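Let me begin by presenting the structure, written as structure tokens, before commenting on it.
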Amino acid sequence: MPSTRPTFMMIVNPFAGAGQAKKIWPKIEVQLKEQKVNYSVLMTTHPGHGIQLARSFALQHKFEKNWVVVAVGGDGTLHEVLNGLHQGGGDQIPLGYIPAGSGNDFARGINLPTQPLAALLRLLEVQAPTSLDVGVYKNRLDSHETLFTNNVGIGFDAAVVHAANAGQKEHLKKYHLQSSAYVFSLIKAFFNQKGFRLSVETAQAKQQFSKAFLVTTTNIKYFGGGVPIMPTANLHDGKLDLVVVEKIGVLRFIKLFVEMLTTGNHLKSPIVHHFRAETLHLSTNLLENGQVNGENIQKQRFDLHFKVTQRPFWIK
């Protein structure tokens with residue numbers, strides 16, 4: 001056991017993965033104790049609690065060098081802890097992650113095992129933090145910036161998230177089909193989502209779309225529980241990738257979705273548009289659903305400014 005191993009603050013969301021995190025946490029704790037790891041634990045009790053806990057921790061410990069904060073839960077839990085640390089001035093506190101949610105896209109994006117106990121073992125092997133890109137956005141309705149590890153979606157993928165978060169996961173839990181929530185929600189959202197006007201502006205160009213359908217600004221390869229929306233995404237290039245898909249018929253969409261899952265040829269389609277930039281400005285003309293890291297953003301006319309920053313992660 002390395003003598004320089006830090007003390008871990010584990011922020012656990014027992015509700016993640018439709019309650020699977022609550023079942024796995026005692027097994028994680030057994031491993032922590034067997035390996036004589038110094039750790040403390042905080043349990044979230046309601047949505048947004050992870051932000052509060054991480055913010056309070058950062059305010060108290062941001063000048064100490066021996067802590068690593070670990071989010072135990074899904075991508076939404078990671079999002080809360082990331083932003084809580086940021087709000088508390090703890091951007092230099094290394095952030096670790098043990099995936100225990102329904103999607104676990106960030107784990108896939110950094111080649112971390114999606115099985116929680118395997119991810120824990122990887123976490124305990126880390127010797128020093130690694131700096132990774134993190135997306136930042138500011139919305140005209142927000143009073144502060146929001147950080148994200150995964151992606152921010154407007155339109156179709158956000159409608160899928162809204163439908164999945166509106167009870168589909170819990171309903172499917174008794175059948176052990178939580179990950180299927182996205183599939184059921186995808187079908188429903190496709191027929192409900194209309195095309196909308198979208199303005200995209202980068203430092204190099206400005207483009208207008210009259211029938212935008214899926215609009216995803218991503219920091220990693222995956223969204224929606226393992227769908228490789230942007231196979232060439234890079235967490236070290238200081239840039240974000242924006243994918244805009246225009247409204248199409250159901251058969252063309254199925255073909256496009258199959259290509260997305262298999263070959264990556266969806267990026268060659270004339271109705272798929274890709275931007276890679278250090279800064280982005282997106283605006284919509286209609287009230288649209290939004291999502292960040294699989295969590296709902298209030299339905300609104302979006303006016304989003306994006307940029308990239310870096311922060312330390314406790315990953316290998």
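Note that the coordinates shown come from a computational prediction; the quantities given were computed from them, not determined experimentally.
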Side chains of [X] and [Y]: does their closest heavy-atom pair fall under 4.5 Å?
| X | Y | result |
| --- | --- | --- |
| Phe106 | Phe313 | yes |
| Val134 | Val308 | no |
| Thr279 | Thr202 | no |
| Ile110 | Leu132 | yes |
| Val272 | Val244 | no |
| Val152 | Thr216 | no |
| Thr263 | Val258 | no |
| Lys138 | His144 | no |

Working to the nearest 0.5 Å, report the span between [atom1] of [X] and [atom2] of [Y].
| X | Y | atom1 | atom2 | value |
| --- | --- | --- | --- | --- |
| Gln291 | Asp75 | CD | CG | 9.5 Å |
| Leu198 | Gln208 | CG | CD | 8.0 Å |
| Phe223 | Asn150 | CZ | CG | 11.5 Å |
| Lys239 | Asp133 | NZ | CG | 11.0 Å |
| Thr218 | Asn151 | OG1 | CG | 4.0 Å |
| Ile271 | Phe253 | CD1 | CZ | 9.0 Å |

same_hphob_cluster([X], [Y]) at 4.5 Å side-chain heavy-atom cutoff:
| X | Y | result |
| --- | --- | --- |
| Met9 | Leu85 | yes |
| Leu82 | Leu112 | yes |
| Ile254 | Val243 | yes |
| Val12 | Leu120 | yes |
| Val41 | Leu117 | yes |

For the side chain of [X] and the backbone of [Y], is there at least one donor-acceptor N/O pair under 3.5 Å apart?
| X | Y | answer |
| --- | --- | --- |
| Asn83 | Leu147 | yes |
| Arg311 | Ile93 | yes |
| Asn104 | Gly101 | yes |
| His49 | Thr45 | yes |
| Thr77 | Val72 | no |
| Arg301 | Asn285 | yes |
| Asn289 | Gly155 | no |
| Tyr97 | Gly73 | yes |
| His86 | Thr146 | no |
| Asn296 | Gly290 | no |

> Cluster partners of Leu121, using ILVMFWY side-chain heavy atoms under 4.5 angstrom, listed by chain and number?
Replying inline: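 Via sub-4.5 Å side-chain contacts, Leu121 links to none.
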> With ILVMFWY side chains joined below 4.5 Å, transitively, what does Ile51's cluster contain besides itself?
Replying inline: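 Same cluster as Ile51: nobody, lone residue.
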> Between Phe15 and His46, is the ring centre distance below 6.0 Å?
Replying inline: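 Between Phe15 and His46, the centre distance exceeds or equals 6.0 Å.
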>> I'd like to know whether the aromatic ring centres of Phe275 and Phe306 sit less than 6.0 Å apart in this structure.
In response: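 No: the rings miss the under 6.0 Å criterion.
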>> Lys27: which residues meet the salt bridge (Lys or Arg N to Asp or Glu O under 4.0 Å) condition with it, sequence neighbours left out?
In response: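 None.
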>> Could you work out, with ring-ring contact (aromatic ring centres under 6.0 Å, His included) as the rule, every residue matching His274, not counting sequence neighbours?
In response: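 Listed in chain order: nothing, the list is empty.
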> Does His236 have any ring-ring contact (aromatic ring centres under 6.0 Å, His included) partners at least two apart in sequence or in another chain, and if so, which?
Replying inline: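 With sequence neighbours excluded, His236 shows a ring-ring contact (aromatic ring centres under 6.0 Å, His included) to no residue whatsoever.
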>> Between Val292 and His79, does the side-chain contact (heavy atoms from CB on, under 4.5 Å) criterion hold? Intermediate values first, please.
In response: CA-CA 8 Å; Val292 55; His79 180 70; 3.4 Å; yes
Report the residues that fulfil side-chain contact (heavy atoms from CB on, under 4.5 Å) with [X], sequence neighbours left out, ordered by chain and then residue number.
| X | result |
| --- | --- |
| Thr7 | Asn38, Asn66, Trp67 |
| Gln298 | Gln300 |
| Gln193 | Phe156, Ala159, Phe196, Phe213, Glu288 |
| Phe8 | Arg5, Pro6, Met10, Val37, Tyr39, Val68, Val70, Leu123, Leu124, Trp314 |

> Step by step, would you call Lys307 with Glu145 a salt bridge (Lys or Arg N to Asp or Glu O under 4.0 Å)?
Replying inline: CA-CA 10 Å; Lys307 63 180 181 180; Glu145 293 181 332; 3.1 Å; yes
Taking everything shown except [X] itself, do over 12 heavy atoms lie less than 6.0 Å from its [atom1]?
| X | atom1 | answer |
| --- | --- | --- |
| Glu278 | CD | no |
| Lys247 | NZ | yes |
| Arg140 | CZ | yes |

> Could you give all pairs that pass the salt bridge (charged side-chain N to carboxylate O under 4.0 Å, His left out) test and reach residues 89-118, with sequence neighbours left out?
Replying inline: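 The answer is Asp105-Arg108.
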>> List the residues meeting side chain to side chain donor-acceptor pair (under 3.5 Å) with Thr130, not counting sequence neighbours, and say none if there are none.
In response: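 None.
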> Ser269: what forms a side chain to side chain donor-acceptor pair (under 3.5 Å) with it, not counting sequence neighbours?
Replying inline: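 Scan of Ser269 (side chain to side chain donor-acceptor pair (under 3.5 Å), adjacent residues dropped) gives none.
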> Would Met230 and Tyr222 count as a side-chain contact (heavy atoms from CB on, under 4.5 Å) if you check the C-alpha gap in whole Å, the side-chain angles of each, and the deciding distance to 0.1 Å?
Replying inline: CA-CA 7 Å; Met230 180 42 60; Tyr222 303 99; over 6 Å; no
> Do Ile315 and Leu95 pass the side-chain contact (heavy atoms from CB on, under 4.5 Å) test, and can you show the C-alpha distance, the side-chain angles, and the key distance before you say yes or no?
Replying inline: CA-CA 8 Å; Ile315 64 168; Leu95 176 57; over 6 Å; no
>> Before you tell me yes or no, could you show the steps for Phe209 and Val245 under side-chain contact (heavy atoms from CB on, under 4.5 Å), namely the whole-Å CA-CA distance, both residues' side-chain angles and the distance that decides it to 0.1 Å?
In response: CA-CA 10 Å; Phe209 298 91; Val245 180; over 6 Å; no
> Where do Asn139 and His305 land on the side chain to side chain donor-acceptor pair (under 3.5 Å) test, with the steps shown first?
Replying inline: CA-CA 7 Å; Asn139 189 19; His305 290 267; over 6 Å; no
